[in-house]
2 protein chains.
Amino acid sequence: MKIGEVANHSGLTPKTIRYYEDIGLLSAPRRSASGYRVYDQADQRRMVFLRHARQVGFSTDDCRPLLALYEDPKRRSTEVHALVADKLRVIEQQLSELQALHTVLQEMSAQCANDHSAQCAIIDSLANPLAVEMSK
Amino acid sequence: MKIGEVANHSGLTPKTIRYYEDIGLLSAPRRSASGYRVYDQADQRRMVFLRHARQVGFSTDDCRPLLALYEDPKRRSTEVHALVADKLRVIEQQLSELQALHTVLQEMSAQCANDHSAQCAIIDSLANPLAVEMSK
DNA sequence: CATAAACCTTACCCTAACAGGAAGGTCAAG
DNA sequence: CTTGACCTTCCTGTTAGGGTAAGGTTTATG
């Protein structure tokens, strides 16, 4: 399989596959006589796995241990579980930060007259340290 | 006021101030005889405004029109309101994406035995297109 | 007065995760 | 034999600055 074909079958792009090789997330495949990358089924499975892991929010760095566990027949499911638990915590943190932003913006929005006048509660809030600082 | 001083008073760092000047978010200030940037109170107020706007989630590009409205005595509050409404929509989008990720990961996590065995529902989910694809 | 600390200047590299594009080689079909 | 569709490497751009270097300035102090 050349890179375009494995890209089609895995859902990654050739660009992404080369990039993963570059950062050492995928090992360098063997090359054809003309220098083309040649992949096999196992490579394709790894790529599918990586695509899914990225899709559910794991960074490429997160994917390293994840992929290692995928490849390891002697893994313990608790190790995988721990990685997912870590990720869940990070996502919960991000969620609460986003929710805080949302709340602040919504409160500002509600204070604004939303009319033709120049006076604007949103502008005032952003100009004044009062309302915004709490969100830290 | 030199850059360090206005940095202290505005809460931005000198780096950030120079960067904002670089991208045209702040206009270039006048220079002292020795080439040092010199700022006034109005500059400082703009910087405070920018810091707050960034804090509540606006990108530096978002800050351009926002700052323009801040400076414009003939603004209409409805214009400001519209920018905030746009941002709220973006944040809501991000929230729902994050929540979707969270749900998927939590479901995977719940399926995992979390023990010493190599069999792992999380790994299986990531290897198999089934569970993950729906989240698109 | 000399000098060291604390400032300031520009400029370049680093981050994440690729996408886009240039310049050039390769391969199968018509 | 020549397209067209591949493939290769390499470089640039994206966000929002942080880190550091090399060098000039100003201020405080002995």
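The chains referred to below are lettered A, B, ... by the order of the sequence lines, with proteins before strands, and numbering in each begins at 1.
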Peer 1: Between Ala33(A) and Gly35(B), which residue's closest nucleotide on DNA chain C lies nearer the 5′ terminus?
Peer 2: Gly35(B)
Peer 1: May I ask you to evaluate whether Arg37(B) reaches the phosphate of dC8(C), defined as a side-chain N or O under 4.0 Å from OP1 or OP2?
Peer 2: no
Peer 1: Determine: side-chain N/O of Arg31(B) to OP1/OP2 of dT10(C), distance under 4.0 Å, yes or no.
Peer 2: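 Yes, Arg31(B) has a side-chain N/O under 4.0 Å of OP1/OP2 on dT10(C).
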Peer 1: dG24(D) base to Tyr36(B) side chain: any donor-acceptor pair below 3.5 Å?
Peer 2: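 Answer yes: a donor N or O sits under 3.5 Å from an acceptor.
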Peer 1: How close or far is atom P of dA11(C) from atom CG of Asp22(B), stated in whole angstroms?
Peer 2: 10 Å
Peer 1: With side chains defined as the heavy atoms from C-beta onward, is the minimum distance between Met47(B) and Gln44(B) less than 4.5 Å?
Peer 2: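 Contact flag for Met47(B)/Gln44(B) side chains = no.
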Peer 1: Give the angle between the helix axes at the two ends of the helix from dC1(C)-dG30(D) to dG30(C)-dC1(D), taking five base pairs at each end and rounding to 10°.
Peer 2: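 The angle, to the nearest 10 degrees, is 30°.
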Peer 1: Take the protein atom CZ of Arg30(B) and the nucleotide atom C1' of dT9(C), then report the distance between them rounded to whole Å.
Peer 2: 17 Å
Peer 1: Looking only at side chains, do Asp61(A) and Ser59(A) share a donor and an acceptor under 3.5 Å apart?
Peer 2: no
Peer 1: Starting from Tyr36(B), can I reach Ile3(B) by hopping between I/L/V/M/F/W/Y residues whose side chains sit under 4.5 Å apart?
Peer 2: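 Unlinked, Ile3(B) and Tyr36(B) end up in two clusters.
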Peer 1: Atom OH of Tyr19(A) and atom C1' of dC11(D): how far apart are they, to the nearest Å?
Peer 2: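 The distance from OH of Tyr19(A) to C1' of dC11(D) comes to 16 Å, rounded to the nearest Å.
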Peer 1: Can you confirm whether the side chains of Gln93(A) and Glu97(A) place a donor and an acceptor under 3.5 Å from each other?
Peer 2: yes
Peer 1: Between Thr78(A) and His116(B), is any side-chain donor less than 3.5 angstrom from a side-chain acceptor?
Peer 2: no
Peer 1: I want to check one thing: is the phosphate of dC8(C), taken as OP1 and OP2, less than 4.0 Å away from some side-chain N or O of Ser34(B)?
Peer 2: no
Peer 1: Please state how far atom CE in Met1(A) lies from atom P in dC27(C), giving the value in whole angstrom units.
Peer 2: 19 Å
Peer 1: Which residues in residues 86-98 of chain B have a heavy atom closer than 4.0 Å to any atom of DNA chain D?
Peer 2: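 Correct list: empty, so none.
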Peer 1: Can you confirm whether Pro29(B) sits close enough to Glu21(B) that some side-chain heavy atom of one is under 4.5 Å from a side-chain heavy atom of the other?
Peer 2: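 Yes, close enough: below the 4.5 Å cut-off.
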Peer 1: To the nearest angstrom, how far is Leu50(A) atom CG from dA17(C) atom P?
Peer 2: 12 Å
Peer 1: What is the distance from atom CD of Glu5(B) to atom OG of Ser10(B), rounded to the nearest 0.5 Å?
Peer 2: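 Going from CD on Glu5(B) over to OG on Ser10(B), the span is 11.0 Å.
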Peer 1: Asp61(B) has an atom CG; how far is it from atom P of dG17(D), in whole Å?
Peer 2: 12 Å
Peer 1: Above 12 or not: heavy atoms from other molecules or residues under 6.0 Å from CZ of Arg76(B)?
Peer 2: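 Counting neighbours around CZ of Arg76(B), 12 or fewer heavy atoms of other residues, nucleotides or ligands fall under 6.0 Å, so no.
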Peer 1: Roughly how many Å is it from CG in Leu25(B) to C1' in dT15(D), rounded to a whole number?
Peer 2: 13 Å
Peer 1: What's the spacing between Met108(B) CE and His52(A) NE2 if we round to 0.5 Å?
Peer 2: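 Output value for this atom pair is 8.5 Å.
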Peer 1: Arg54(B) has an atom CZ; how far is it from atom P of dT15(D), in whole Å?
Peer 2: 11 Å
Peer 1: Return the nearest nucleotide to the side chain of Thr60(A); candidates are dG18(D), dA19(C), dA17(C).
Peer 2: dA17(C)
Peer 1: So what does Ser32(B) touch, heavy atoms closer than 4.0 Å: a base, only the sugar-phosphate, or nothing?
Peer 2: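 Since no nucleic acid heavy atom lies under 4.0 Å of Ser32(B), the category is nothing.
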Peer 1: Looking for any heavy atom pair under 4.0 Å, which part of the strands does Ile23(A) touch: base, sugar-phosphate only, or nothing?
Peer 2: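 Contact class for Ile23(A): none.
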Peer 1: How do Phe58(B) and Lys2(B) order along DNA chain D: which one's closest nucleotide is nearer the 5' end?
Peer 2: Phe58(B)
Peer 1: Please say yes or no: joined through hydrophobic side-chain contacts below 4.5 Å, possibly via intermediate residues, are Phe58(B) and Ile23(B) part of one cluster?
Peer 2: yes
Peer 1: For dT20(D), does the base pair up with any side-chain atom of Lys15(B) as donor and acceptor (N or O, under 3.5 Å, distance only)?
Peer 2: yes
Peer 1: With sugar-phosphate meaning primed atoms plus P, OP1 and OP2, does Arg18(B) contact a base, only sugar-phosphate, or nothing at under 4.0 Å between heavy atoms?
Peer 2: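 Arg18(B): base contact, heavy atoms under 4.0 Å.
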